[in-house]
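Report on one structure; see the data block that follows.
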Number of protein chains: 2
Amino acid sequence: MNARPSFRAQVLQAREDAIVDTVNRLLAEKGFDAMTVDLVAAEVGIAKASLYKHFASKEQLAAAAMVRVLDRALAFMAGPDCAGADALERLKAVARWTLQVQLAGQMPSLPAQNSTLRGALVADRVYMDRLLQLSEQLGEWIGEAQQGGQLHPGLPGEVVLYTLFARACDPVLGVLKAGGSYSDAQIIDWLLMSCFEGLGAPAARPRKGR
Amino acid sequence: MNARPSFRAQVLQAREDAIVDTVNRLLAEKGFDAMTVDLVAAEVGIAKASLYKHFASKEQLAAAAMVRVLDRALAFMAGPDCAGADALERLKAVARWTLQVQLAGQMPSLPAQNSTLRGALVADRVYMDRLLQLSEQLGEWIGEAQQGGQLHPGLPGEVVLYTLFARACDPVLGVLKAGGSYSDAQIIDWLLMSCFEGLGAPAARPRKGR
DNA sequence: GTCTATAAAGCGATAGAC
DNA sequence: GTCTATCGCTTTATAGAC
């Protein structure tokens with residue numbers, strides 16, 4: 001609202017950024033359930049009661065972290081890496097970016113089954129707005145890629161969209177990373193390959209429906 | 001040990017089966033963290049203290065449920081659906097079976113990040129034995145399929161194995177199911193397609209490394 | 001807004017009678 | 001082995017002084 005925020009407001013904003021950063025990291029490390037508000041406060045270096053002056057609940061903390069990562073994704077999709085490429089290349093670039101974020105320990109992992117959290121997220125206007133923006137942009141690119149014959153003709157765009165979301169937090173990456181035998185770049189290449197080209201051999205792919 | 005278990009032992013075994021059934025269903029429904037021992041006892045219809053006479057901890061309950069589903073998987077892999085087929089068809093049959101189990105609400109979903117649970121599982125001899133058996137059988141088939149040129153030549157068998165495990169509890173299935181627009185068979189076909197053939201079009205697959 | 005201290009509730013696990 | 005009742009701990013959230 002205010003074009004020239006006061007110094008005091010800037011300090012508060014910076015503190016909230018630090019909080020969200022910590023929440024983001026802890027959500028990626030331990031997941032929502034194992035992340036305690038006490039630990040967040042301790043890592044930020046403030047008292048827990050102070051945390052609750054900035055965010056009304058643990059769910060609001062998670063929502064703020066999700067908004068941040070969604071904003072980062074939207075910024076990437078509007079950036080140079082997705083500028084001159086065709087639709088399929090843009091989708092692959094986004095998928096690669098999500099894997100890099102996950103590899104960097106910055107991809108929050110929320111339990112899909114926690115109903116309290118789900119309720120808080122769908123009730124969060126900012127979160128839902130960002131999620132919708134991202135889905136619409138991806139849906140647009142998916143449509144383009146389909147019309148260009150770049151996507152598997154047997155798969156609806158909806159399935160492609162959900163699959164891309166799911167691969168952004170694919171546990172396979174963590175397992176391969178934990179094994180320690182492969183480089184980050186190698187892991188990302190394999191996961192992108194399995195996602196877009198499948199586990200089967202090219203020759204094994206049938207020309208028509210089986 | 002005993003070839004002729006007493007009637008009393010059979011009753012106890014039946015009760016433990018009922019417990020594991022309930023745990024299996026609740027793990028699939030709510031996940032490990034949201035599943036409370038109180039709820040398990042209530043659904044089985046016994047007191048919580050009685051539960052702890054059969055299983056020493058919540059983790060042991062989860063381990064028992066995992067052993068059950070691993071045994072079911074091993075039985076399927078030794079059964080007629082995997083008998084006369086070639087290696088790739090066997091792998092696809094197993095993947096399809098896991099999706100059907102998930103669709104039936106019988107696939108336990110454990111948090112990969114819970115260290116207490118992980119420790120209890122790796123310390124469980126029966127669980128580790130079944131997991132190893134299953135991994136070795138799958139690894140064998142993967143090796144055969146690779147030698148037969150039926151799997152993507154760019155992917156190591158390890159990546160294929162972990163991916164199959166991950167797709168067994170792929171959240172995409174739940175999202176598509178919750179949407180309510182598609183039949184169970186349709187959903188399974190799409191997920192198998194995206195897993196083995198990938199999201200990209202056949203023509204888009206490069207002949208050699210990009 | 002930040003702190004210390006505490007309330008309030010949920011949950012895993014156990015004691016002890018039968 | 002099954003039950004009722006409860007312990008002990010963790011965790012979310014808040015009260016009240018400064």
Side-chain angles (χ1 to χ4, degrees), chain A residues 5-20 22-23 26-27 29-65 110-111 113-121 123-124, chain B residues 5-20 22-23 26-27 29-65 110-111 113-121 123-124:
Chain A
S6 67
F7 177 73
R8 182 173 191 80
Q10 288 184 34
V11 170
L12 285 187
Q13 184 60 43
R15 171 146 302 182
E16 293 202 352
D17 282 348
I19 294 173
V20 177
T22 300
V23 171
L26 289 178
L27 281 182
E29 250 178 52
K30 315 166 79 74
F32 181 78
D33 289 320
M35 179 189 79
T36 67
V37 180
D38 288 86
L39 182 58
V40 174
E43 299 238 336
V44 174
I46 62 177
K48 183 166 57 171
S50 305
L51 249 187
Y52 278 96
K53 295 288 183 179
H54 291 274
F55 299 91
S57 68
K58 185 184 178 185
E59 285 75 19
Q60 293 297 315
L61 283 174
L110 305 183
Q113 293 153 328
N114 187 325
S115 61
T116 307
L117 177 59
R118 275 199 71 82
L121 287 180
D124 188 305
Chain B
S6 67
F7 177 72
R8 183 172 189 82
Q10 289 184 33
V11 169
L12 285 188
Q13 184 59 43
R15 172 148 302 182
E16 292 200 354
D17 282 347
I19 293 172
V20 177
T22 301
V23 170
L26 289 177
L27 281 181
E29 250 177 53
K30 316 167 75 78
F32 181 79
D33 290 320
M35 179 189 78
T36 67
V37 180
D38 288 87
L39 183 57
V40 175
E43 300 237 335
V44 174
I46 61 177
K48 183 165 58 169
S50 305
L51 248 188
Y52 278 95
K53 295 290 183 178
H54 293 275
F55 299 91
S57 67
K58 184 183 178 184
E59 285 75 19
Q60 292 297 316
L61 283 173
L110 306 183
Q113 294 152 328
N114 187 326
S115 60
T116 306
L117 177 58
R118 275 198 72 83
L121 287 180
D124 188 305

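Predicted model only: the values in this text are computed from it and were never measured. Naming convention: chains lettered A, B, ... in sequence-line order (proteins, then strands); numbering from 1 in each chain.
- One finds a side-chain N or O of A/R15 lying less than 4.0 angstrom from the OP1 or OP2 phosphate oxygen of C/dT2.
- Rounding to the nearest 0.5 angstrom, the gap separating the CG atom in B/L27 from the CD atom in B/E29 is 10.0 Å.
- Among the nucleotides D/dA13, C/dG12, D/dT4, the one closest to the side chain of B/A47 is D/dT4.
- In this structure, the separation between NE2 on A/H54 and CD1 on A/I19 is 4.5 Å, given to the nearest 0.5 Å.
- Of the listed nucleotides (C/dA15, D/dT2, C/dA13), C/dA15 has the atom at the smallest distance from the side chain of B/A49.
- Protein atom CD of A/Q60 is 15 Å distant from nucleotide atom P of D/dT12, rounded to whole Å.
- Checked against C/dG1, C/dC11, D/dA13, the side chain of A/L12 finds its nearest nucleotide in C/dG1.
- Set against D/dT2, D/dA13, D/dT11, the side chain of A/T36 has D/dT11 as its closest nucleotide.
- We find that CG of A/D38 is positioned 11 Å from P of D/dA13, with the value rounded to whole Å.
- In this structure, CG of A/L61 is placed 9 Å from P of D/dA13, rounded to the nearest angstrom.
- Taking atom CG of B/L51 as the reference point, atom P of C/dA13 lies 11 Å away to the nearest angstrom.
- A straight line from NZ of B/K58 to P of D/dC9 spans 19 Å, rounded to a whole angstrom.
- For the atom pair CG (B/L12) and NZ (B/K53), the distance works out to 12.5 Å, reported to the nearest 0.5 Å.
- A close approach under 4.0 Å does occur between a side-chain nitrogen or oxygen of A/S50 and OP1 or OP2 of C/dC3.
- Nucleic acid contact for B/K53: base, since at least one base atom lies under 4.0 Å from a heavy atom of the residue.
- Heavy-atom nearest nucleotides on DNA chain C were determined for A/G45 and for B/F32, and the one closer to the 5' end corresponds to A/G45.
- Protein atom NE2 of B/H54 is 9 Å distant from nucleotide atom P of D/dC3, rounded to whole Å.
- Minimum atom distance to the side chain of B/V37 is reached by C/dG12, of the listed D/dT12, C/dG12, C/dC3.
- Note that CD of A/Q113 and CE of B/M35 are 11.5 Å apart. Values are rounded to the nearest 0.5 Å.
- At whole-Å resolution of the value, CG in A/L39 and P in D/dA13 are 15 Å apart.
- For D/dA13, one of the phosphate oxygens OP1 or OP2 lies less than 4.0 angstrom from a side-chain nitrogen or oxygen of A/Y52.
- For the pair A/D33 CG and D/dT12 P, the computed distance is 10 Å after rounding to whole Å.
- The backbone N or O of B/L117 lies less than 3.5 Å from no partner atom in the side chain of B/K58, so there is not a single donor-acceptor pair.
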